Asks: 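Encoded as structure tokens, here's the structure I'll be asking about.
Throughout, protein chains are lettered first and strands after them, A, B, ... in sequence-line order, and every chain is numbered starting at 1. Keep in mind it's a predicted model, so treat the numbers as computed, not measured.
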Number of protein chains: 2
Amino acid sequence: MNIGQAAKRSGVSAKMIRYYESIGLVPSADRLESGYRDYAEDDVHRLVFVRRARDLGFSIPRIQDLLELWGNTGRSNGEVRALAASHVSELEAQARKITGMIGTLRGLMTSCERAGHRAHCPIMDELADHHRPPPVRPKAKARTVAGRQENDTRGAGSETVGKSGREVVGR
Amino acid sequence: MNIGQAAKRSGVSAKMIRYYESIGLVPSADRLESGYRDYAEDDVHRLVFVRRARDLGFSIPRIQDLLELWGNTGRSNGEVRALAASHVSELEAQARKITGMIGTLRGLMTSCERAGHRAHCPIMDELADHHRPPPVRPKAKARTVAGRQENDTRGAGSETVGKSGREVVGR
DNA sequence: CCTAGGCCTTCCCATCATTGGAAGGTCAAG
DNA sequence: CTTGACCTTCCAATGATGGGAAGGCCTAGG
């Protein structure tokens, strides 16, 4: 079957299949005389294996380890478990980081609500470390920040502060 | 002060300061005659603001919004809260994804332990969807998968696998 | 047989935030 | 004046993925 079929059956996009082949994660597919890649059932199984491992958050180098273990019916069990365990602790570290952020933000949001809409937002105070906003807000751009920006044209910059037109990146 | 000092004081690397300037997140720094960037206290405060926002996981476009709100002492409170709330739900989605993976993996690991070291590892069975490992294991490397490679050791199977003369993509 | 259009091929570019390095200019101390 | 630490700009790479161009292949319908 060709790469499109293999992609549909495995749930891995054709782009990714070619990429995995290029980095050596999966073996180079056979080629038809036309140059088309030709996949067999086993190749699809391997791709499914890769996809599932990715769905569980394994990085590509780790998946390579897993694939090697898979082909090695002998001493798999303990090593697989070790791999999984170390992956789990990485995931836990990530989760801790995120839940830490969530906790901080929720705390700030709560005190922000209590402050009512008239006072300074404690979120801002925290971010700013209780400093006043600097008088000059971000102005000129260059490479653009994905998704926001437009013309600007801040020309000459003799003005001290662009109170006139829009300054920055308006949306 | 020069960029190195500003970096030390703000906790943002000099590289990142230049990058933030290039995308317009922070205003272009003043320059000395030598061409060196020159930073004042307010610039450092702004950089601290950016760093803290990043530590809370805000993306750069969002930080841009936050900076605008910071400079806008008027209608900050509610908008800041809204921004924070939507960020929190993004974080929660990430956390759910990760804890889901952890749950799955822990379940698999447990049944793997119960299976003892003699049987097939259920983790593998699950990844492989109960298929046998394909006879041809990953072989050639091209771009290399970060961090591993060489030493390979899979000498055993010199069985005609690579029938086609074709070889690694190369480039 | 010819053609349309759908699939395939390779190659390049972009993402997102960050780091690394090269080549060269500047500054301060010895 | 030299040395070494710092600065400047520019380019590249990361990890995993998607987008798209330019061109080749294949198949069905006329």
Asks: Heavy atoms, side chains only, cut-off 4.5 Å: are Thr104(B) and Glu126(B) in contact?
Replies: no
Asks: Using salt bridge (Lys or Arg N to Asp or Glu O under 4.0 Å) as the criterion, list what pairs up with Arg106(B), not counting sequence neighbours.
Replies: Glu92(A)
Asks: Asp38(B) CG to dC6(D) P: how many Å, rounded?
Replies: 17 Å
Asks: Applying side-chain contact (heavy atoms from CB on, under 4.5 Å) to Thr110(A) and Glu113(A), what does each step give before you reach the verdict?
Replies: CA-CA 5 Å; Thr110(A) 302; Glu113(A) 267 159 45; 5.6 Å; no
Asks: Would you say the side chain of Met16(A) lies within less than 4.5 Å of the side chain of Arg51(A), judging by non-hydrogen atoms?
Replies: no
Asks: Test of understanding: with salt bridge (Lys or Arg N to Asp or Glu O under 4.0 Å), list the residues that count as partners of Arg52(A), not counting sequence neighbours.
Replies: Asp129(B)
Asks: How many Å lie between CE on Met1(B) and P on dC6(D), as a whole number?
Replies: 16 Å
Asks: Between Arg96(A) and Met101(A), is there a side-chain heavy-atom distance shorter than 4.5 Å?
Replies: no
Asks: Under a 4.0 Å heavy-atom cut-off, which of residues 30-37 of chain B touch DNA chain C?
Replies: Ser34(B), Tyr36(B)
Asks: How many Å lie between CD1 on Ile23(A) and P on dA13(D), as a whole number?
Replies: 16 Å
Asks: How would you summarise protein contacts on nucleotides 17-22 of chain C per nucleotide, using B for base, S for sugar-phosphate only and - for none, with heavy-atom distances below 4.0 Å?
Replies: SBBBB-
Asks: Would a 4.5 Å heavy-atom cut-off, applied to side chains only, mark Asp42(B) and His45(B) as touching?
Replies: yes
Asks: Is Phe58(A) close to Leu105(B) at the side-chain level, that is, under 4.5 Å between some pair of heavy atoms?
Replies: yes
Asks: Taking side chain as C-beta onward, heavy atoms only, is Pro27(A) less than 4.5 Å from Arg46(A)?
Replies: yes
Asks: How long is the line joining CD1 of Ile17(A) and P of dC7(C), in whole Å?
Replies: 15 Å
Asks: State, to 0.1 Å, how close Ser89(B) and Ser86(B) come at their nearest heavy-atom pair, and which atoms those are.
Replies: OG-O, 3.1 Å
Asks: Leu56(B) and Leu127(A): side-chain contact (heavy atoms from CB on, under 4.5 Å), yes or no, with the steps?
Replies: CA-CA 9 Å; Leu56(B) 287 174; Leu127(A) 286 173; 4.1 Å; yes
Asks: Report the distance from atom CG of Leu25(A) to atom P of dT17(D), rounded to the nearest whole Å.
Replies: 10 Å
Asks: Would you work out how much the helix from dC1(C)-dG30(D) to dG30(C)-dC1(D) bends between its ends, with each end axis defined by five base pairs, to 10 degrees?
Replies: 30°
Asks: Taking atom P of dA16(D) as reference, at what distance in whole Å does atom CD of Gln64(A) sit?
Replies: 11 Å
Asks: Enumerate the residues from residues 2-12 of chain B whose closest heavy atom to DNA chain D is under 4.0 Å, giving them by residue number; use none for an empty result.
Replies: Asn2(B), Ile3(B), Gly4(B)
Asks: Would you say Arg31(B) and Tyr36(B) make side-chain contact, with heavy atoms under 4.5 Å?
Replies: no
Asks: Are Glu41(A) and His131(B) side-chain neighbours, meaning at least one heavy-atom pair lies under 4.5 Å?
Replies: no
